[in-house]
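To keep things clear, I will list the structure first and then write my remarks on it.
Just so we're clear, the structure is a prediction, and the values are computed from it rather than from any experiment. Quick note: numbers below take in every heavy atom, side chains included, and nothing from hydrogens, waters or symmetry partners.
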Amino acid sequence: MAKVETEEHKPSTGADLPEGMGFSEPSTVYAEETWEQQNEKPWPKPLHTFGVCQNQVNRGTAARLRTLEVENRTLKLQVEQLQHELDAAAVREKKSLGRVAVEMDRMHAELDRLRLSTQLNSNAVDRILKGAPEPEEREEAPEPEE
């Protein structure tokens, strides 16, 4: 059988991980050194090989989980950044809408003023046209006697 190379493995305590990443590595379930140091082997070589392979799988899984945690943290930071940008855009939009609303109020006031002015002018013109006698029909007021 081929010899399976193993590397020194120390379970993580979580102290070497960034804050907020409380994942700890799975423990090594098979004590590889114990079998190799025993003079009389209580279990067969294939079982030992299986245990060594399982430890490698555990280490690989732990490394992938750490990678996923880092990616997850990165995505969380990106989401927080996007939320911050979205909040800032909402504030800018609210200010812009406030300015538009003020300008619309001014425009409505000006339109109302123009309507009133037009209505008053047309009423005045109507009164003048209806009430004003023709210049020939005007009666001259008698002059006061002295």
Hey, mind stepping through Leu77 and Gln81 against side chain to side chain contact (heavy atoms under 4.5 Å, CB included) and telling me if it holds? CA-CA 6 Å; Leu77 291 173; Gln81 177 67 26; over 6 Å; no

Check the pair Glu69, Arg66 against salt bridge (Lys or Arg N to Asp or Glu O under 4.0 Å), reporting the backbone distance first and the verdict last. CA-CA 5 Å; Glu69 275 196 337; Arg66 280 192 307 277; over 6 Å; no

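Residue Glu93 holds its CD atom at 9.5 Å from CG of Leu86, rounded to the nearest 0.5 Å. Taken from CG in Leu120 to CG in Leu116, the straight-line distance is 4.5 Å, to the nearest 0.5 Å. Note that the NZ atom of Lys130 and the CG atom of Asn123 stand 9.0 Å from one another [nearest 0.5 Å]. Note that CE of Met104 and CG of Leu97 are 11.0 Å apart. Values are rounded to the nearest 0.5 Å. How far CZ of Arg106 is from CG of Leu111: 14.5 Å, rounded to the nearest 0.5 Å. In this structure, Asp87 CG and Arg92 CZ are separated by 10.5 Å, a value rounded to the nearest 0.5 Å.
Lys95 pairs by the side-chain contact (heavy atoms from CB on, under 4.5 Å) definition with Val91, Arg99, not counting sequence neighbours. Annotation: salt bridge (charged side-chain N to carboxylate O under 4.0 Å, His left out) contacts of Glu85 (sequence neighbours excluded): none.
Cluster membership for Val52 and Val57, using ILVMFWY side-chain heavy atoms within less than 4.5 angstrom, is not shared.
No donor-acceptor pair under 3.5 Å is formed between the side chain of Asn72 and the backbone N or O of Leu68. When atom types are taken as modelled, the side chain of Thr74 and the backbone of Val70 share a donor-acceptor pair closer than 3.5 angstrom.
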